[in-house]
Protein chains: 2
Amino acid sequence: MGITKTESFTTQQNELANILKALAHPARVAIIDYLLTVDECICSDIVNELPLAQPTVSQHLKELKNAGIIKGSIDGKSICYCIDEKKIIILREYLDAILLSIKQTDKICQ
Amino acid sequence: MGITKTESFTTQQNELANILKALAHPARVAIIDYLLTVDECICSDIVNELPLAQPTVSQHLKELKNAGIIKGSIDGKSICYCIDEKKIIILREYLDAILLSIKQTDKICQ
DNA sequence: TTATAATATTGCAATATTACGATAATAAAA
DNA sequence: TTTTATTATCGTAATATTGCAATATTATAA
(Lines give C-alpha, C1' and ligand atoms only; values in the text may rest on other atoms or scores of the structure.)
Protein backbone atom coordinates (compact mmCIF):
# COMPACT_ATOMS: atom_id res chain seq x y z
CA MET A 1 0.00 0.00 0.00
CA GLY A 2 2.96 2.32 -0.24
CA ILE A 3 3.58 2.81 3.46
CA THR A 4 6.82 1.54 4.95
CA LYS A 5 6.18 -1.30 7.41
CA THR A 6 8.24 0.29 10.17
CA GLU A 7 6.77 -1.94 12.87
CA SER A 8 8.07 -5.01 11.08
CA PHE A 9 11.70 -4.10 11.63
CA THR A 10 13.94 -3.65 14.63
CA THR A 11 14.48 -0.32 16.32
CA GLN A 12 18.08 -0.35 15.20
CA GLN A 13 17.14 -1.04 11.59
CA ASN A 14 14.66 1.83 11.63
CA GLU A 15 17.12 4.19 13.28
CA LEU A 16 19.81 3.41 10.76
CA ALA A 17 17.36 3.83 7.91
CA ASN A 18 16.36 7.23 9.30
CA ILE A 19 19.94 8.46 9.47
CA LEU A 20 20.63 7.12 5.98
CA LYS A 21 17.45 8.66 4.58
CA ALA A 22 18.32 12.07 5.99
CA LEU A 23 21.62 11.98 4.12
CA ALA A 24 20.23 10.35 0.99
CA HIS A 25 19.75 13.41 -1.15
CA PRO A 26 22.42 15.26 -3.15
CA ALA A 27 21.29 18.62 -1.77
CA ARG A 28 21.73 17.37 1.77
CA VAL A 29 25.11 15.86 0.95
CA ALA A 30 25.99 19.24 -0.54
CA ILE A 31 24.87 20.99 2.64
CA ILE A 32 27.08 18.70 4.71
CA ASP A 33 29.98 19.30 2.31
CA TYR A 34 29.48 23.03 2.58
CA LEU A 35 29.26 22.98 6.37
CA LEU A 36 32.64 21.25 6.36
CA THR A 37 34.32 23.87 4.15
CA VAL A 38 33.34 26.87 6.23
CA ASP A 39 35.51 27.46 9.24
CA GLU A 40 32.85 28.97 11.31
CA CYS A 41 29.46 27.54 12.04
CA ILE A 42 27.92 29.37 9.20
CA CYS A 43 24.19 30.05 8.96
CA SER A 44 22.43 30.31 5.68
CA ASP A 45 24.58 31.54 2.96
CA ILE A 46 23.84 27.91 2.26
CA VAL A 47 20.97 29.43 0.33
CA ASN A 48 23.45 31.44 -1.72
CA GLU A 49 25.73 28.47 -2.14
CA LEU A 50 23.13 26.02 -3.43
CA PRO A 51 20.99 26.44 -6.56
CA LEU A 52 17.82 25.94 -4.54
CA ALA A 53 15.20 28.32 -3.27
CA GLN A 54 15.26 29.38 0.35
CA PRO A 55 12.21 27.33 1.42
CA THR A 56 13.75 24.24 -0.17
CA VAL A 57 17.01 24.71 1.68
CA SER A 58 15.13 25.37 4.89
CA GLN A 59 13.24 22.11 4.44
CA HIS A 60 16.42 20.12 3.82
CA LEU A 61 17.99 21.68 6.91
CA LYS A 62 14.94 20.71 8.90
CA GLU A 63 15.25 17.10 7.82
CA LEU A 64 18.92 17.01 8.70
CA LYS A 65 18.11 18.56 12.06
CA ASN A 66 15.23 16.17 12.77
CA ALA A 67 17.51 13.25 12.06
CA GLY A 68 20.07 14.71 14.47
CA ILE A 69 22.75 15.13 11.83
CA ILE A 70 23.07 18.86 12.28
CA LYS A 71 22.24 21.15 15.14
CA GLY A 72 21.35 24.81 14.97
CA SER A 73 21.63 27.58 17.48
CA ILE A 74 20.06 30.99 17.21
CA ASP A 75 22.59 33.77 16.70
CA GLY A 76 20.90 37.13 16.42
CA LYS A 77 18.58 37.04 13.47
CA SER A 78 20.41 34.19 11.82
CA ILE A 79 20.83 30.57 12.80
CA CYS A 80 24.15 28.86 13.16
CA TYR A 81 24.15 25.30 11.90
CA CYS A 82 26.82 22.69 12.30
CA ILE A 83 27.25 18.96 12.05
CA ASP A 84 26.51 16.83 15.09
CA GLU A 85 28.85 13.91 14.85
CA LYS A 86 26.91 11.41 16.97
CA LYS A 87 24.77 9.99 14.19
CA ILE A 88 27.67 10.00 11.77
CA ILE A 89 29.58 7.89 14.27
CA ILE A 90 26.65 5.47 14.63
CA LEU A 91 26.55 5.12 10.87
CA ARG A 92 30.27 4.57 10.57
CA GLU A 93 30.15 1.92 13.26
CA TYR A 94 27.45 0.12 11.32
CA LEU A 95 29.50 0.20 8.13
CA ASP A 96 32.53 -1.01 10.04
CA ALA A 97 30.51 -3.92 11.41
CA ILE A 98 29.38 -4.82 7.90
CA LEU A 99 32.89 -4.75 6.51
CA LEU A 100 34.28 -6.71 9.44
CA SER A 101 31.59 -9.34 9.06
CA ILE A 102 32.29 -9.69 5.34
CA LYS A 103 36.00 -10.04 5.98
CA GLN A 104 35.40 -12.78 8.53
CA THR A 105 33.11 -14.97 6.51
CA ASP A 106 34.89 -14.25 3.24
CA LYS A 107 32.17 -15.38 0.89
CA ILE A 108 32.96 -16.68 -2.52
CA CYS A 109 29.59 -15.92 -4.05
CA GLN A 110 30.47 -15.07 -7.64
CA MET B 1 8.18 20.56 -8.98
CA GLY B 2 9.15 17.52 -7.01
CA ILE B 3 12.08 16.33 -9.10
CA THR B 4 15.53 16.22 -7.56
CA LYS B 5 17.88 18.69 -9.25
CA THR B 6 20.57 16.11 -9.88
CA GLU B 7 22.41 18.26 -12.44
CA SER B 8 22.91 20.95 -9.82
CA PHE B 9 25.19 18.82 -7.71
CA THR B 10 28.57 17.20 -8.18
CA THR B 11 29.00 13.64 -9.43
CA GLN B 12 30.36 12.66 -6.06
CA GLN B 13 27.42 14.15 -4.22
CA ASN B 14 25.00 12.31 -6.48
CA GLU B 15 26.90 9.03 -6.16
CA LEU B 16 26.96 9.24 -2.40
CA ALA B 17 23.27 10.10 -2.32
CA ASN B 18 22.55 7.05 -4.49
CA ILE B 19 24.41 4.69 -2.19
CA LEU B 20 22.75 6.23 0.84
CA LYS B 21 19.32 6.06 -0.75
CA ALA B 22 19.71 2.39 -1.58
CA LEU B 23 20.40 1.68 2.09
CA ALA B 24 17.83 4.12 3.44
CA HIS B 25 14.97 1.73 4.07
CA PRO B 26 14.51 -0.56 7.08
CA ALA B 27 13.71 -3.52 4.83
CA ARG B 28 16.95 -3.05 2.95
CA VAL B 29 18.91 -2.63 6.18
CA ALA B 30 17.23 -5.86 7.32
CA ILE B 31 18.28 -7.61 4.10
CA ILE B 32 21.88 -6.51 4.65
CA ASP B 33 21.69 -7.67 8.27
CA TYR B 34 20.34 -11.02 7.18
CA LEU B 35 22.98 -11.47 4.48
CA LEU B 36 25.59 -10.97 7.17
CA THR B 37 24.15 -13.65 9.48
CA VAL B 38 24.11 -16.43 6.90
CA ASP B 39 27.44 -18.04 6.34
CA GLU B 40 26.85 -18.90 2.79
CA CYS B 41 25.78 -16.61 0.02
CA ILE B 42 22.17 -17.36 0.61
CA CYS B 43 19.51 -16.80 -2.02
CA SER B 44 15.98 -15.92 -1.11
CA ASP B 45 14.83 -17.37 2.07
CA ILE B 46 15.08 -13.61 2.57
CA VAL B 47 11.44 -13.80 1.57
CA ASN B 48 10.79 -16.21 4.44
CA GLU B 49 12.85 -14.13 6.82
CA LEU B 50 11.17 -10.79 6.18
CA PRO B 51 7.48 -9.99 6.66
CA LEU B 52 7.17 -8.77 3.10
CA ALA B 53 5.71 -10.33 -0.01
CA GLN B 54 8.03 -11.87 -2.58
CA PRO B 55 7.63 -9.12 -5.19
CA THR B 56 8.44 -6.51 -2.55
CA VAL B 57 11.61 -8.30 -1.50
CA SER B 58 12.55 -8.77 -5.12
CA GLN B 59 12.19 -5.04 -5.70
CA HIS B 60 14.33 -4.16 -2.69
CA LEU B 61 16.99 -6.59 -3.87
CA LYS B 62 16.90 -4.96 -7.28
CA GLU B 63 17.51 -1.55 -5.77
CA LEU B 64 20.40 -2.80 -3.70
CA LYS B 65 21.84 -4.49 -6.77
CA ASN B 66 21.39 -1.43 -8.98
CA ALA B 67 23.23 0.65 -6.42
CA GLY B 68 26.04 -1.93 -6.39
CA ILE B 69 25.61 -2.80 -2.74
CA ILE B 70 24.89 -6.47 -3.37
CA LYS B 71 25.71 -8.74 -6.24
CA GLY B 72 23.84 -11.84 -7.30
CA SER B 73 24.93 -14.89 -9.21
CA ILE B 74 22.64 -17.49 -10.68
CA ASP B 75 22.87 -20.84 -8.93
CA GLY B 76 20.51 -23.33 -10.49
CA LYS B 77 17.02 -22.04 -10.19
CA SER B 78 17.84 -19.77 -7.30
CA ILE B 79 20.03 -16.70 -7.09
CA CYS B 80 22.86 -16.26 -4.69
CA TYR B 81 23.13 -12.75 -3.28
CA CYS B 82 25.90 -11.28 -1.24
CA ILE B 83 27.22 -7.90 -0.21
CA ASP B 84 29.65 -6.13 -2.49
CA GLU B 85 31.87 -4.14 -0.19
CA LYS B 86 33.08 -1.50 -2.65
CA LYS B 87 30.24 0.96 -2.11
CA ILE B 88 30.24 0.35 1.61
CA ILE B 89 33.90 1.30 1.64
CA ILE B 90 33.20 4.46 -0.36
CA LEU B 91 30.53 5.39 2.15
CA ARG B 92 32.75 4.71 5.13
CA GLU B 93 35.51 6.81 3.63
CA TYR B 94 33.08 9.68 3.26
CA LEU B 95 31.99 9.40 6.87
CA ASP B 96 35.62 9.24 7.97
CA ALA B 97 36.33 12.41 6.02
CA ILE B 98 33.41 14.16 7.69
CA LEU B 99 34.51 13.12 11.16
CA LEU B 100 38.12 14.06 10.49
CA SER B 101 37.08 17.46 9.19
CA ILE B 102 34.93 18.09 12.25
CA LYS B 103 37.77 17.15 14.57
CA GLN B 104 40.15 19.52 12.82
CA THR B 105 38.02 22.61 12.87
CA ASP B 106 36.49 21.86 16.26
CA LYS B 107 33.51 24.15 16.03
CA ILE B 108 31.87 25.59 19.09
CA CYS B 109 28.47 26.21 17.51
CA GLN B 110 25.87 25.00 19.93
C1' DT C 1 7.17 -32.34 -22.43
C1' DT C 2 5.07 -31.17 -18.26
C1' DA C 3 5.36 -30.03 -13.67
C1' DT C 4 7.58 -27.39 -9.99
C1' DA C 5 10.42 -23.96 -7.71
C1' DA C 6 12.62 -19.51 -7.56
C1' DT C 7 12.70 -14.78 -9.20
C1' DA C 8 11.31 -10.95 -11.90
C1' DT C 9 8.01 -7.85 -13.98
C1' DT C 10 3.64 -5.40 -14.53
C1' DG C 11 0.07 -2.62 -12.94
C1' DC C 12 -1.93 -0.12 -9.56
C1' DA C 13 -3.28 2.14 -5.11
C1' DA C 14 -1.51 4.51 -1.12
C1' DT C 15 1.75 7.41 0.58
C1' DA C 16 6.07 10.17 0.71
C1' DT C 17 9.34 13.39 -1.21
C1' DT C 18 10.89 17.40 -3.69
C1' DA C 19 10.57 22.05 -5.00
C1' DC C 20 8.93 26.60 -4.77
C1' DG C 21 5.81 30.85 -4.48
C1' DA C 22 3.48 33.22 -1.06
C1' DT C 23 3.39 34.40 3.41
C1' DA C 24 4.32 34.28 8.37
C1' DA C 25 7.40 34.65 12.26
C1' DT C 26 11.43 36.41 14.59
C1' DA C 27 14.82 39.60 15.85
C1' DA C 28 18.09 43.24 15.19
C1' DA C 29 18.58 48.05 13.16
C1' DA C 30 16.97 52.54 11.93
C1' DT D 1 7.53 51.81 15.77
C1' DT D 2 8.84 50.80 11.24
C1' DT D 3 12.04 48.72 8.36
C1' DT D 4 15.03 45.10 7.06
C1' DA D 5 17.18 40.57 7.17
C1' DT D 6 16.83 35.79 8.19
C1' DT D 7 14.46 31.67 8.66
C1' DA D 8 10.16 28.87 8.94
C1' DT D 9 5.66 27.38 7.45
C1' DC D 10 1.73 26.65 4.28
C1' DG D 11 -0.21 25.14 0.17
C1' DT D 12 0.28 22.83 -3.92
C1' DA D 13 2.01 20.54 -8.19
C1' DA D 14 5.13 17.11 -9.92
C1' DT D 15 7.35 13.05 -9.13
C1' DA D 16 9.12 9.02 -6.50
C1' DT D 17 8.62 5.22 -3.35
C1' DT D 18 6.38 1.35 -1.14
C1' DG D 19 3.79 -2.78 -1.21
C1' DC D 20 1.33 -6.41 -3.23
C1' DA D 21 -1.72 -9.38 -6.37
C1' DA D 22 -1.39 -11.25 -10.69
C1' DT D 23 1.39 -12.89 -14.00
C1' DA D 24 5.62 -13.81 -16.59
C1' DT D 25 10.16 -15.73 -16.81
C1' DT D 26 13.76 -19.03 -16.00
C1' DA D 27 15.69 -23.32 -14.95
C1' DT D 28 15.74 -27.78 -12.83
C1' DA D 29 13.17 -32.16 -12.04
C1' DA D 30 9.92 -35.67 -13.20
Side-chain angles (χ1 to χ4, degrees), chain A residues 1-9 13-14 17-18 20-31 34-35 40-67 70-82 109-110, chain B residues 1-9 13-14 17-18 20-31 34-35 38 40-67 70-82 109:
Chain A
M1 293 141 196
I3 183 165
T4 298
K5 291 175 125 187
T6 306
E7 73 291 349
S8 298
F9 305 101
Q13 285 162 350
N14 282 303
N18 278 338
L20 288 159
K21 196 160 67 171
L23 289 170
H25 190 285
R28 295 196 288 270
V29 172
I31 288 173
Y34 181 67
L35 281 176
E40 33 189 17
C41 266
I42 213 69
C43 23
S44 265
D45 4 36
I46 299 176
V47 176
N48 298 320
E49 187 68 13
L50 299 188
L52 296 172
Q54 180 269 322
T56 308
V57 171
S58 188
Q59 196 179 293
H60 283 305
L61 286 170
K62 189 181 176 183
E63 275 171 72
L64 286 169
K65 201 165 67 175
N66 285 344
I70 62 172
K71 52 190 173 185
S73 57
I74 296 167
D75 174 25
K77 56 183 162 183
S78 61
I79 290 184
C80 171
Y81 283 110
C82 66
C109 151
Q110 198 259 111
Chain B
M1 295 140 197
I3 184 166
T4 298
K5 293 175 129 187
T6 305
E7 74 290 349
S8 298
F9 305 102
Q13 284 163 351
N14 282 303
N18 280 337
L20 288 159
K21 196 159 67 172
L23 289 170
H25 190 285
R28 296 197 286 270
V29 172
I31 288 173
Y34 180 67
L35 282 176
V38 287
E40 31 189 17
C41 264
I42 215 66
C43 22
S44 264
D45 3 35
I46 299 174
V47 175
N48 297 320
E49 187 70 12
L50 298 188
L52 295 172
Q54 180 269 321
T56 308
V57 171
S58 187
Q59 195 179 294
H60 283 306
L61 287 170
K62 188 180 175 183
E63 276 171 72
L64 286 169
K65 201 166 68 176
N66 284 344
I70 62 172
K71 51 190 173 186
S73 57
I74 296 167
D75 174 24
K77 56 184 163 185
S78 60
I79 290 184
C80 172
Y81 283 111
C82 67
C109 149

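Model, not experiment: these values are computed from the prediction. Heavy-atom basis, side chains included; hydrogens, waters and symmetry copies ignored.
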Which part of the nucleic acid, if any, lies within contact of L52(B), taking any heavy atom under 4.0 Å across all strands shown: a base, the sugar-phosphate backbone alone, or nothing?
sugar-phosphate
Once you measure the plane-to-plane angle for H25(A) and H60(A), does it fall in the parallel (<30°), tilted (30-60°) or perpendicular (>60°) bin?
tilted
Between CG of N18(B) and P of dA16(D) the distance, given in whole Å, is 13 Å
- prompt: Is the backbone of A22(B) close enough, under 3.5 Å, to the side chain of R28(B) for a donor and an acceptor to pair up by distance?
  reply: yes
One should read off an interatomic distance between Q54(A) CD and T56(A) OG1, to the nearest 0.5 angstrom, of 8.5 Å
> Does a nitrogen or oxygen in the side chain of K62(B) sit under 4.0 Å from OP1 or OP2 of dT9(C)?
Replying inline: yes
Rounded to whole Å, the CD-C1' distance (E63(A) to dA8(D)) equals 14 Å
Does dC20(C) have OP1 or OP2 under 4.0 Å away from a side-chain N or O of T56(A)? yes
Return no unless some side-chain N or O of H60(A) is found under 4.0 Å from OP1 or OP2 of dT17(C).
no
Between N or O atoms, less than 3.5 Å apart, protein on one side and nucleotides 22-30 of chain D on the other: list the pairs.
none

Of L61(A) and F9(A), the one whose nearest nucleotide on DNA chain D sits closer to the 5' end is L61(A)
OP1, OP2 of dA16(D) versus side-chain N and O of K21(B): anything below 4.0 Å? no
In whole angstroms, the gap separating C1' of dT7(C) from CD1 of I46(B) amounts to 11 Å
Rounded to the nearest 0.5 Å, the OG1 atom of T6(B) sits from the CG atom of N18(B) at a distance of 8.0 Å
L50(B) atom CG is separated from dT18(D) atom P, nearest whole Å, by 14 Å
Output for pair (Y81(B) OH, L64(B) CG), nearest 0.5 Å, gives 9.5 Å
So what does S78(B) hit on the nucleic acid, given a heavy-atom distance under 4.0 Å: a base, only sugar-phosphate, or nothing? sugar-phosphate
Taking for Q59(B) and for T6(B) the nucleotide of DNA chain C with the nearest heavy atom, the one nearer the 5' end belongs to Q59(B)
- Considering only heavy atoms from C-beta outward, does the side chain of V29(B) approach that of F9(A) to under 4.5 Å? no
**OP:** Give a yes/no answer on whether the side chain of Y81(A) brings an N or O atom under 4.0 Å of OP1 or OP2 in dT6(D).
**Re:** no
Here the distance between atom C1' of dT7(D) and atom CG of N48(A), to the nearest Å, is 13 Å
Here the gap from I31(B) atom CD1 to L50(B) atom CG, rounded to the nearest 0.5 Å, amounts to 5.5 Å
To the nearest angstrom, the CG-P distance between N66(A) and dT18(C) comes to 13 Å
